[in-house]
Undergrad: 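Below is one structure. I have some questions about it.
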There are 2 protein chains.
Amino acid sequence: MTREAYLNAVAACPGHQILDRLGDKWVSLVLKELGGGPRRSGELNRALPGASRKMLTQTLRGLERDGLVVRTTTGGAPSKVEYRLTPLGASLHGVMLEVVGWAENHIAEVDAARSAYDGNC
Amino acid sequence: MTREAYLNAVAACPGHQILDRLGDKWVSLVLKELGGGPRRSGELNRALPGASRKMLTQTLRGLERDGLVVRTTTGGAPSKVEYRLTPLGASLHGVMLEVVGWAENHIAEVDAARSAYDGNC
DNA sequence: CTGGATCCAGCACGATACTG
DNA sequence: CAGTATCGTGCTGGATCCAG
């Protein structure tokens, strides 16, 4: 019970919610893609060959729900749907880029540490 | 095969590796805890009641392997183990704090968006 | 005190087929 | 073209027991 309460507290923590989102496998990729401008659903599918349509939709729904992405439907026979970042989403994208920047600057150290660790056992 | 190749490419991306780490449920909590100074294993267990010892160890091993955390054993009968952040780890901790800061500044907007989304259905 | 090994349940994800 | 529903499965993570 204590555990459950603790877990709830953790889940309610703002930082954790966002960290969770960013950690989500596809969120960062979608954010990155959308950071380059609005995209159609099909374009995202093609740009992210590793993501099943299910996951893509799921991810986009989540982002939409959080107000990070806007979904625009231009209903026609060949339905067209466009996704684009909201200002809020763009802002988060910016933060994400900082993390990515850190990663690129320090990945060498991490790799070195990994090699050392694996080598020494 | 294309998918697999793509997934490998994604996995190899520095940004993704770090994002994955930060997104890991316990990493952020451990980082936060260790950001307050070195901790003994038992202390971490008590500080993070939601984490099973298995996950804690697993998480710490990962961080250690990445050179973000140092594990110091003072072998005695009652073995004592201390974990503390490396400079690299502290650096990542700083980046994480930026994300957390963003989260705290914008969580209200996210919550509002969620309410609106859930309300309209 | 620390942490590895094992067993098992829950769920997250992918594939497929179907609606509009 | 865009999205949903269903089903099967592989992996993640928790509980427990055991060793140093």
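Per chain, numbering begins at 1; letters A, B, ... match sequence-line order.
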Undergrad: Yes or no on side chain to side chain contact (heavy atoms under 4.5 Å, CB included) for A:Val69 and A:Arg84, after CA distance, side-chain angles and deciding distance?
TA: CA-CA 6 Å; A:Val69 156; A:Arg84 74 176 191 286; over 6 Å; no
Undergrad: To the nearest 10 degrees, how far apart in direction are the end axes of the helix from C:dC1-D:dG20 to C:dG20-D:dC1, each fit to five base pairs?
TA: 40°
Undergrad: For the backbone of A:Pro49 and the side chain of B:Arg3, can you confirm whether one donor and one acceptor N or O come within less than 3.5 Å of each other?
TA: yes
Undergrad: Counting only N and O atoms by type, is there a donor-acceptor contact under 3.5 Å from the side chain of A:Ser91 to the main-chain atoms of A:Pro87?
TA: no
Undergrad: For B:Arg53, check salt bridge (charged side-chain N to carboxylate O under 4.0 Å, His left out) against everything at least two apart and list the hits.
TA: none
Undergrad: Are B:Glu33 and B:Arg39 close enough for a salt bridge, meaning some N to O gap below 4.0 Å?
TA: yes
Undergrad: If you look only at pairs with a residue in residues 21-31 of chain B, which of them pass as a side chain to side chain donor-acceptor pair (under 3.5 Å), with sequence neighbours excluded?
TA: A:His16-B:Ser28, B:Arg21-B:Asp66
Undergrad: Crowded around B:Arg61 CZ? As in, over 12 foreign heavy atoms under 6.0 Å?
TA: yes
Undergrad: I'd like to check A:Tyr83 versus A:Leu44 (side-chain heavy atoms, cut-off strictly below 4.5 Å). Are they in contact?
TA: yes
Undergrad: Rounded to whole angstrom units, what separation is found between the CG atom of B:Leu56 and the P atom of C:dG3?
TA: 9 Å
Undergrad: Indicate yes or no for a side-chain donor-acceptor contact from A:Glu109 to the backbone of B:Leu88 under 3.5 Å, with no hydrogens or angles considered.
TA: no
Undergrad: Measure NZ/A:Lys80 against C1'/C:dG20 and give the value in whole Å, please.
TA: 17 Å
Undergrad: Detail all sub-3.5 Å separations between protein N/O atoms and N/O atoms belonging to nucleotides 16-20 of chain D.
TA:
residue	atom	partner	partner atom	Å
D:dG20	N2	B:Ser79	OG	3.3

Undergrad: Grab the CG-P distance between A:Leu60 and D:dA2 for me, whole Å please.
TA: 11 Å
Undergrad: Is the shortest side-chain N/O distance from A:Arg61 to OP1 or OP2 of D:dT4 below 4.0 Å?
TA: yes
Undergrad: Set out, line by line, the N/O atom pairs under 3.5 Å between protein and nucleotides 9-12 of chain C.
TA:
none

Undergrad: What's the separation between atom OG in B:Ser41 and atom CD in B:Glu82, rounded to the nearest 0.5 Å?
TA: 11.0 Å
Undergrad: Can you check whether B:Leu68's main-chain N or O pairs, donor with acceptor, with B:Thr86's side chain at less than 3.5 Å?
TA: yes
Undergrad: Round to the nearest Å and state the distance from B:Glu82 atom CD to C:dT2 atom P.
TA: 11 Å
Undergrad: When you measure from the side-chain N and O atoms of B:Tyr83 to the phosphate of C:dT2, is any distance below 4.0 Å, counting only OP1 and OP2?
TA: no
Undergrad: By a strict heavy-atom criterion of less than 4.0 Å, which residues belonging to residues 18-52 of chain B are in contact with DNA chain C?
TA: B:Arg40, B:Ser41, B:Gly42
Undergrad: Under 4.0 Å: is that the gap between some side-chain N or O of A:Arg71 and OP1 or OP2 of D:dA2?
TA: no
Undergrad: Is there a side chain to side chain contact (heavy atoms under 4.5 Å, CB included) between B:Val30 and B:Leu48? Walk through the geometry before answering.
TA: CA-CA 8 Å; B:Val30 169; B:Leu48 278 39; 3.9 Å; yes
Undergrad: On DNA chain D, does the nearest nucleotide to A:Thr57 precede the nearest nucleotide to A:Leu7 from the 5' side, or the other way round? Give the residue.
TA: A:Thr57
Undergrad: Compare the minimum distances between each of C:dT2, D:dA15, D:dG3 and the side chain of B:Val81, then state the nucleotide with the smallest one.
TA: C:dT2
Undergrad: Does B:Gln17 reach the side chain of A:Ile107, with side-chain heavy atoms less than 4.5 Å apart?
TA: yes
Undergrad: If we only count heavy atoms from C-beta on, is the B:Leu63 to B:Leu31 side-chain gap below 4.5 Å?
TA: yes
